[in-house]
*Asks:* 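Okay, here's the structure, questions in a sec.
A, B, ... follow the sequence lines: proteins, then strands. Residue 1 opens every chain.
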Protein chains: 2
Amino acid sequence: MSTVPTVYDVANRSGVSIATVSRVYRNPDSVRAQTRERVLEAARELGYVPSGNARGLASRTTGVLGLCFPDYSDPDAEDIDAEDDDAAMLYSDQIIRGMERTARRHGYALLIAASLKGGPESLVAKVAGRVDGFAVMARTVPTEELEVISRRQPVVMLAGPREGGDQLDHLDHVEVANADGQRELTRHLIEDHGLRRLAYIGSAEESPDVAARFRGFREACAAADVETDHGPVLRMPMMTQADGASAVDVLADRDGPLPEALVFANDQMAVGALHALQRRGLRVPEDVVVTGFDGIPLGRLVRPALTTVRQPMLKLGEQAAELLVQRLGGGPDREPVSLMLPVTVVRRASCGCGEGEDSGTQLA
Amino acid sequence: MSTVPTVYDVANRSGVSIATVSRVYRNPDSVRAQTRERVLEAARELGYVPSGNARGLASRTTGVLGLCFPDYSDPDAEDIDAEDDDAAMLYSDQIIRGMERTARRHGYALLIAASLKGGPESLVAKVAGRVDGFAVMARTVPTEELEVISRRQPVVMLAGPREGGDQLDHLDHVEVANADGQRELTRHLIEDHGLRRLAYIGSAEESPDVAARFRGFREACAAADVETDHGPVLRMPMMTQADGASAVDVLADRDGPLPEALVFANDQMAVGALHALQRRGLRVPEDVVVTGFDGIPLGRLVRPALTTVRQPMLKLGEQAAELLVQRLGGGPDREPVSLMLPVTVVRRASCGCGEGEDSGTQLA
DNA sequence: ATGAAAGCGCTAACAA
DNA sequence: TTGTTAGCGCTTTCAT
């Protein structure tokens, strides 16, 4: 760990100029084979490794794509995967995988960073300064900051609807058909299962995704002349499993009968609800139907298996990388792109559908 | 995307020196509040974002940890997750997650890069130049290259046994109790299920991990006076699901009865074998017992559920990050650390154990 | 509290 | 083919 060798050291040791050393790494064919060997030999002896920072500074490119996501720490999730790694695969993991894979195919590495919740220094800035372009999961980063950065380098926004007519209009953007999915799932509950007293549990004000889902829910209800409130019946702040369980408690302990169906804005809450209902001796789906949204692996493992809407998170990541690469390579000043990825309604036991294989319907 | 603002632009616009601009970002308290506001204001107007590269160059640190892994493309895996994202979570994903989480806690971001199989430019070099330290999954990188780089910055080797007495002895190193796990699983088959004709399917020469597993297998056999060959009965090159299916074909089509148990060196092959056996009308575990190794999620979803040895991949990633952080912060020239993480034998239906909940035994 | 100036290690013209 | 020479944008003493 003594002193770190640089181009100069290698140049000296091999009797060439630093330019030649540089060439050996960037464009080997532009150097005579014999010279090249001498240089590489010297580099090996010295333990030379080119500094990515210096390279990036000088060439103004990094070969790295970035991904920022929120500090996704559902305490429940922590518990789960302590003993059971696999069930806990979250959104972010799938997105990471999709993005990494695609980035790799294009020769990029991937830098991932989650906002530390106490973190003073702006996350994005840290990432932005080290990559050629990056994706941001919606609401991870203050809009204003994004606006500033996106003047500088390609940014694609993930999974949140484009913020209405805002200043962020010039960003590329990939989202998921939240409303369509929730609408179709709700239609299924109403038409195919004949349910009419549905309760929606979410937290719309915090997330545009959840807002879109609730919109889908209302549309389906309206189409079937089913009454709904203006907003979700219950708003749980974090949408964790614990929140899902609380929702059951609140609903069960108040006057009147339980709704026929609990329509949750995500799977985490739905799973929590399943547990809570079981503890109360209520059967799903006989006594009450439960549905989620997301398609997390856990949803298939719980009993009864959870009916839900599966989001194509892997594709989300892939598309994000693809868009960034396009911007970087081809048209920096092409029109901003906005993609809406289709989701799939997955019917499982918790809505009263058979035990058999999952049955799915894909929706544009 | 016109011109990118720098410290100089911000300095001009706010009427201070570049040093002050720098201070505002690095150490806000060392600047008078009023000045600081002026600078931030100017930065905002200009759309200034500090260049990570320049910063890294000047300060010689990046705040980024790296992870290199092989181009893990099991064609089967691709197929699976096309329709079924969740089952396909691989090793690498878990390691990434563990590492990211721990890195984050220590204020680091994570740079991940998989070797593109045709890739000319050395993967490590690319990563090494951009991070403060990194982890490498065993056999991803030529030993010699690692040796060179590890003189320069902390490197931890993952999941492959330390290459015997080599030049890599000064690297930190985290591995998994492969031999212990396979030994215990094998003992279980022999003692608890009374099996004596066991066939091991792996590919030991390619991977030290598999070698260690086979060693565990032999030890358990020897301890019970069960005969074994010197090497695995079959060596499948890629250890994919297809390979697992082929293994069944080979074993079933040759003379003599099928072994009582097929002990695979990984889950992928075991799952492939399950399918192949089913196609042939053979029942598991009645006609033949099948076991895997790894603990991938898919193993729990197949029928019969797969008995296996679960590796703590998440912890592997966490430990890797932890070791790197320690080296970076504390003792750069402490003795090299070598950790062996415990594994868990997971008994499920494919070995004849009950259908109930998974039963596990953790082994140091 | 702020400024001046010297690098950090590399790439990219432009020469030779 | 190879060498010279400027920077790239920031951090960091050392002054002031």
Side-chain angles (χ1 to χ4, degrees), chain A residues 3-40 42-43 46-64 121 125-126 128-132 149 152-153, chain B residues 3-40 42-43 46-64 121 125-126 128-132 149 152-153:
Chain A
T3 321
V4 174
T6 74
V7 267
Y8 290 95
D9 302 313
V10 177
N12 280 342
R13 201 174 214 297
S14 54
V16 301
S17 74
I18 62 165
T20 298
V21 175
S22 177
R23 285 189 190 103
V24 167
Y25 287 88
R26 292 242 60 67
N27 188 1
D29 297 325
S30 70
V31 176
R32 194 163 25 124
Q34 187 189 326
T35 318
R36 194 193 316 148
E37 278 318 312
R38 272 220 317 283
V39 171
L40 286 174
L46 292 168
Y48 168 74
V49 179
S51 150
N53 284 324
R55 242 186 210 185
L57 221 210
S59 67
R60 302 145 153 305
T61 86
T62 63
V64 179
E121 225 203 323
K126 186 173 176 181
R130 307 203 150 283
V131 301
D132 292 338
I149 294 182
R152 216 183 182 274
Q153 64 190 180
Chain B
T3 319
V4 174
T6 74
V7 266
Y8 290 96
D9 302 315
V10 177
N12 279 342
R13 201 174 215 295
S14 54
V16 301
S17 74
I18 63 167
T20 298
V21 175
S22 177
R23 287 192 189 98
V24 166
Y25 287 88
R26 294 241 58 68
N27 188 0
D29 297 325
S30 69
V31 176
R32 195 168 19 129
Q34 186 188 327
T35 318
R36 194 193 317 148
E37 279 318 313
R38 274 223 313 288
V39 171
L40 287 174
L46 292 169
Y48 168 74
V49 178
S51 151
N53 285 323
R55 236 183 217 189
L57 221 210
S59 67
R60 298 140 156 304
T61 87
T62 63
V64 179
E121 223 203 325
K126 187 174 176 180
R130 308 203 148 284
V131 302
D132 292 337
I149 295 181
R152 216 185 183 273
Q153 65 190 180

*Asks:* Return no unless some side-chain N or O of B:Tyr48 is found under 4.0 Å from OP1 or OP2 of D:dC10.
*Replies:* yes
*Asks:* B:Arg130 has an atom CZ; how far is it from atom P of C:dC8, in whole Å?
*Replies:* 19 Å
*Asks:* Side chain of A:Thr6: nearest nucleotide among C:dC10, D:dT4, C:dC8?
*Replies:* C:dC10
*Asks:* Could you check whether any side-chain N or O of B:Asn12 sits under 3.5 Å from a backbone N or O of B:Asp9, counting only pairs where one atom can act as donor and the other as acceptor?
*Replies:* no
*Asks:* From the options C:dA1, C:dG9, D:dC10, select the nucleotide whose nearest atom is closest to the side chain of B:Leu57.
*Replies:*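 Closest nucleotide to the B:Leu57 side chain: C:dG9.
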*Asks:* Consider the side chain of A:Pro50, meaning its heavy atoms from C-beta on, and name the nucleotide among C:dC10, C:dT2, D:dT4 that approaches it most closely.
*Replies:*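 Ranking C:dC10, C:dT2, D:dT4 by closest atom to the A:Pro50 side chain puts C:dC10 first.
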*Asks:* Once you round it to whole Å, what is the distance between P of C:dA12 and CZ of A:Arg26?
*Replies:* 7 Å
*Asks:* Examine C:dG3: is either OP1 or OP2 under 4.0 Å from a nitrogen or oxygen in the side chain of B:Tyr8? Give yes or no.
*Replies:* no
*Asks:* Using whole Å, what does the distance between atom C1' of nucleotide D:dG3 and atom CG of A:Asn27 come to?
*Replies:*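 Those two atoms, CG and C1', are 16 Å apart.
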*Asks:* Starting the side chain at C-beta, find the nucleotide from C:dA1, C:dC10, D:dT4 nearest to B:Thr35.
*Replies:*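 Selected nucleotide (nearest to the side chain): C:dA1.
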*Asks:* With distance as the sole test, does A:Arg130 use its side chain to make a donor-acceptor pair with the main-chain N or O of B:Thr62 at under 3.5 Å?
*Replies:* yes
*Asks:* So what does B:Thr20 touch, heavy atoms closer than 4.0 Å: a base, only the sugar-phosphate, or nothing?
*Replies:* sugar-phosphate
*Asks:* Does a nitrogen or oxygen in the side chain of A:Arg55 sit under 4.0 Å from OP1 or OP2 of C:dT11?
*Replies:*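 Yes, such a contact exists.
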*Asks:* Between B:Arg60 and D:dC10, does any side-chain N or O lie under 4.0 Å from OP1 or OP2?
*Replies:* no
*Asks:* Any donor and acceptor pair, going by atom type alone, linking the side chain of B:Arg23 with main-chain N or O of B:Ser30 inside 3.5 Å?
*Replies:*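 Pair absent, no side-chain N/O of B:Arg23 close to backbone of B:Ser30.
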*Asks:* Contact class for B:Arg23 (heavy atom, under 4.0 Å): base, sugar-phosphate, or nothing?
*Replies:* base
*Asks:* Please compare B:Arg36 and A:Ala58 by the position of their nearest nucleotide in DNA chain C and report the one closer to 5'.
*Replies:* B:Arg36
*Asks:* Select base, sugar-phosphate, or nothing to describe what A:Val21 touches, counting heavy atoms under 4.0 Å on all strands.
*Replies:*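 Answer is nothing: A:Val21 stays at 4.0 Å or more from every strand.
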*Asks:* Can any side-chain N or O of A:Arg152 pair as donor or acceptor with the backbone N or O of B:Val49 at less than 3.5 Å?
*Replies:*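 Yes, A:Arg152 side chain to B:Val49 backbone: donor-acceptor pair under 3.5 Å.
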*Asks:* Atom CG of A:Asn12 to atom C1' of C:dG9: distance rounded to whole Å?
*Replies:*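 The answer, rounded to whole Å, is 14 Å.
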*Asks:* For A:Ile18 and A:Arg32, take the nucleotide of DNA chain D holding the closest heavy atom to each; which residue's nucleotide lies nearer the 5' end?
*Replies:* A:Arg32
*Asks:* Can you tell me which nucleotide in D:dT4, C:dG9, D:dT2 comes closest to the side chain of A:Val31?
*Replies:* D:dT2
*Asks:* Restricting to non-hydrogen atoms, name the atom on A:Val31 and the atom on A:Arg36 that form the minimum distance, rounded to 0.1 Å.
*Replies:*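 Nearest pair, atom of A:Val31 first, then A:Arg36: O-NH2, 3.3 Å.
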*Asks:* Report the distance from atom OG1 of A:Thr20 to atom CZ of A:Arg32, rounding to the nearest 0.5 Å.
*Replies:*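 So the OG1 of A:Thr20 and the CZ of A:Arg32 are separated by 10.0 Å.
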*Asks:* Measure from OH on A:Tyr25 to C1' on D:dT2 and round the result to the nearest Å.
*Replies:*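 It is 17 Å, rounded to the nearest whole Å.
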*Asks:* Taking any heavy-atom pair under 4.0 Å as a contact, classify B:Ser22: base, sugar-phosphate, or nothing.
*Replies:*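 Base contact.
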*Asks:* Is the shortest side-chain N/O distance from B:Ser51 to OP1 or OP2 of D:dG9 below 4.0 Å?
*Replies:* no
